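Below is one structure, written out as structure tokens; comments come after it.
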There are 2 protein chains.
Amino acid sequence: MDESILGHDIAGDVDGIISRPTLHEEIVERIRAMIFDEQLAAGTRVPERDLCQRFGISRTPLREALKVLASDGLITLLPNRGAWVTRMTPEDVDELFPIMGALEALSGELACENTSDADVAEVRALHYQMALHHTRGEQPEYFRINQQIHDKIMELADNPSLFQVYRPLAQRVRRARYLANASINRWDAAMREHEEILDALDARDGKRLAALLRVHLLNKLEAVKRVISTPDEKGDVIS
Amino acid sequence: MDESILGHDIAGDVDGIISRPTLHEEIVERIRAMIFDEQLAAGTRVPERDLCQRFGISRTPLREALKVLASDGLITLLPNRGAWVTRMTPEDVDELFPIMGALEALSGELACENTSDADVAEVRALHYQMALHHTRGEQPEYFRINQQIHDKIMELADNPSLFQVYRPLAQRVRRARYLANASINRWDAAMREHEEILDALDARDGKRLAALLRVHLLNKLEAVKRVISTPDEKGDVIS
DNA sequence: TTCATACATTTTGAATGCATAATGCACTTT
DNA sequence: AAAGTGCATTATGCATTCAAAATGTATGAA
């Protein structure tokens, strides 16, 4: 019919709500992503004018986005002196890891109430893929799958508000967390902990999974602190 | 000398950092307060123009504040259709209470590591004042002191990030929480739980205090849900 | 040279302006 | 009268403008 002339099928969309994201939401996500993959590095200035040009927008929606990101703690606004990507301090890590531990523990507990066998199978597959990267010493791949497992558990918790609270915290510590994995000792230990995590999820043992996830994260705390309190030669503590 | 002529002593401030809060920060706090005490009621529109006039500012900083409050979930932005004070649904309560439970539990655990005898004495004084209001059936006073006790424990945790994460959640459920106290059954039970909470804090038993705070909050969940899912005659579910 | 100062330039915070979308209301039509 | 239609009004999202603050730079003094 008409659709085929237009070259695409619109039948599926006729009664859905039309989503019109506003600029500032879109920009929040883009800047999030840029901080995530370090196009905007911790401790550097957020180049307002450049970003406006790059995104082809005016300063108003960009600045709205900056306020939102600042309230997440992802960037820091210095009055009259611009926006800067927040740098992680050892004190921040001391504060944030216990919080994230509590939230991950909750995610594990809730996940056990909802997890199907297929879900466990999915996590198991990720787990053994991660184990493979571990034995091969492939750190970036290990780290990526590791993230996926924790994200999957968070998803199984089926609590969008929990994810929303957790996400900005996780993003703030993500880079430091990645670097902390460099320590091989900790890497082996983390892998053993993950065995137990999978086991507890399989058994739907919410309390145990919660405790494991919490300890797993707290164990990383010291490693992360060591990394970020060791300035490299550029004086740039975490990049 | 000069200070006394001006009528106040400025000697204490000479080397402190001069704080210059930006407009949008100030406005975020004001609107927070207005939602808190229901000058802006749940489910109603946030009157952008009125607020601009009232605060004597332009739309730009106000709108920046609205984006921040929206990212906290305190208000909801409908594209091209204004800002509305977020209304609490039973689903929200189901999601938020376990999260707040986990965070309060953590606050209790951390508090036990830092609490001095003087701090315990302070909480004890609040506790018995609250008990008095309970026996007298003075609900608003009871509720206020109850808040103060939980706030005090959060403060003793000495983790600003924890407070920052907790605060927006607490504010979202605050009104529903207040109404839930109306149920006398729950009120007596809550009072007994508070006895135990004080006891655990006094003993610096972090694990126990954590468990108590968590259960305390979870116990409120059902009462709160009952309240908000019972629309009143105006069809306004929580006001 | 190093340091301080004055001045031009840039950046920032907030107000204003403008195009588009949503809303309210008079007017029709049945 | 109830429901639909078209138009005027208002509100919204974003761009632009403007004043104040911060920054960079050239000049002069020690």
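Protein chains get the first letters and strands the later ones, always in sequence-line order, with residue 1 at the start of each. Only a predicted model underlies this, so the values are computations on that prediction, with no experimental measurement involved.
Rounded to whole Å, atom C1' of D:dA11 lies 14 Å from atom CG of B:Leu77. Between the P atom of D:dA11 and the CG atom of B:Leu62 lies a distance of 14 Å, rounded to the nearest Å. Atom CG in A:Leu66 sits roughly 14 Å away from atom P in C:dA14 (whole-Å rounding). In this structure, A:His24 places its NE2 atom 9 Å from P of D:dC14, rounding to the nearest Å. Taking atom CZ of residue B:Arg63 and atom C1' of nucleotide D:dT16, one finds them 15 Å apart after rounding to whole Å. One can place CH2 of B:Trp84 at 11 Å from C1' of C:dT23, the figure rounded to the nearest angstrom. If you measure from atom CD1 of A:Ile27 to atom C1' of D:dA15, you get 12 Å, rounded to the nearest angstrom. In this entry the distance linking CD of B:Glu25 with P of C:dG13 reads 10 Å, nearest Å.
Ring pair A:His216/A:His150 is parallel by interplanar angle, where below 30° counts as parallel and above 60° as perpendicular.
Salt bridge absent: B:Glu222 and B:Arg226 never bring a charged side-chain N and a carboxylate O closer than 4.0 Å. The pair A:Glu109-B:Arg214 meets the salt-bridge criterion, with a side-chain N (NZ, NE, NH1 or NH2) lying under 4.0 Å from an Asp/Glu carboxylate O. Salt bridge status for A:Glu64 with B:Arg59: absent, with no side-chain N to carboxylate O gap under 4.0 Å. One finds a salt bridge joining B:Glu29 and B:Arg32 here, because a Lys/Arg side-chain nitrogen approaches an Asp/Glu carboxylate oxygen to under 4.0 Å. A salt bridge is defined here as a Lys NZ or Arg NE, NH1 or NH2 lying under 4.0 Å from an Asp or Glu carboxylate O, and A:Arg144 with A:Glu141 fails to meet this definition.
For B:Tyr178 and B:Gln139, the side-chain atoms include no donor-acceptor pair closer than 3.5 Å.
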With side-chain contact (heavy atoms from CB on, under 4.5 Å) as the test, would you mind laying out the steps for B:Lys67 and A:Arg63 before giving the verdict? CA-CA 10 Å; B:Lys67 312 291 184 208; A:Arg63 290 170 57 76; over 6 Å; no
Just the atom pairs and distances: protein N or O near nucleotides 6-9 of chain D's N or O, under 3.5 Å.
none

Using a cutoff of under 3.5 Å, can you pull out all pairs of nitrogen or oxygen atoms linking the protein to nucleotides 15-18 of chain C, with atom names and distances?
residue : atom : partner : partner atom : Å
C:dA15  : OP1  : B:Ser58 : N            : 3.4
C:dA15  : OP2  : B:Ser58 : N            : 2.7
C:dA15  : OP2  : B:Ser58 : OG           : 2.3
C:dA15  : O5'  : B:Ser58 : OG           : 3.2
C:dA15  : N7   : B:Thr60 : OG1          : 2.9
C:dT16  : O4   : B:Thr60 : OG1          : 3.4

Pairwise N/O distances under 3.5 Å, protein to nucleotides 20-22 of chain C:
residue : atom : partner : partner atom : Å
C:dA22  : OP1  : A:Arg20 : NH1          : 3.1
C:dA22  : OP1  : A:Arg20 : NH2          : 3.0

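When A:Arg172, A:Glu95, A:Glu91 are each tested for a side chain to side chain donor-acceptor pair (under 3.5 Å) with B:Ser161, only one passes: A:Glu95.
Take the nearest nucleotide of DNA chain D for A:Arg45 and for A:Thr22: the residue whose nucleotide is more 5' is A:Thr22.
Considering CZ of B:Arg174 and CG of B:Leu179, their distance stands at 10.5 Å, rounded to 0.5 Å.
Taking only side-chain atoms of B:Arg49, from C-beta outward, the nucleotide of C:dT11, D:dT12, D:dA11 with the closest atom is D:dA11.
Remark: the backbone N or O of B:Gln148 is not paired with any side-chain donor or acceptor of B:Asp151 at under 3.5 angstrom.
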